[in-house]
Amino acid sequence: MPNMPGYKKTAQTEKKKAFSGKREFYTTEYNTTAWRKLRADRLRRDPICHKCKRAMATVLDHVTPVRLGGEFWNEANHQPLCEKCHNSKSAKERFMK
Ligand SMILES: [Zn+2]
């Protein structure tokens, strides 16, 4: 097999696996009781969306996404957002590295 297509494919799969593994770590953090409690407490104290300042916040967002080096548990990196603002923020972040 001169071009070794199988080898290349394996390398790409491995890279993908490592990346999704990293994401899974953060997903695990979101699933902890500690995070749910922290989020619920924050949304109770700070119930209005920080972006549009009108809608009820339903999401506790990371100002700097954890994926981009933001601290997961640092309250200074948390902001309550409504779903609409959170979705538009996430859509923009998808293009950031
Ligand atoms: Zn909003």
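Along the sequence shown, residues carry numbers from 1. Whatever order the structure lists them in is the order used to number ligands and atoms, beginning at 1.
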For this session: Using the six-membered ring wherever Trp is involved, compare the ring planes of His78 and Trp35 and label them parallel, tilted or perpendicular (cut-offs 30° and 60°).
Result: perpendicular
Seminar exercise, completed: Nearest heavy-atom contact between Thr64 and Gly69 is CG2-C, 4.4 Å
Exercise. Distance below 2.8 Å from the Zn ion (ligand 1): how many protein N/O/S atoms qualify?
Worked result: 4
Exercise. What closest approach, in Å, do Pro80 and Leu60 show between heavy atoms, and which atom pair accounts for it?
Worked result: N-CD1, 3.8 Å
For this session: Kindly indicate, with the supporting measurements, whether the criterion side chain to side chain donor-acceptor pair (under 3.5 Å) is fulfilled by Asp61 and Gln79.
Result: CA-CA 5 Å; Asp61 179 58; Gln79 62 177 348; 3.2 Å; yes
Exercise. Do you know the tightest heavy-atom contact between Glu83 and Val59?
Worked result: CA-CG2, 4.4 Å
Exercise. At their closest point, which heavy atom of His62 faces which heavy atom of Glu71, and how far apart are they?
Worked result: CD2-O, 3.6 Å
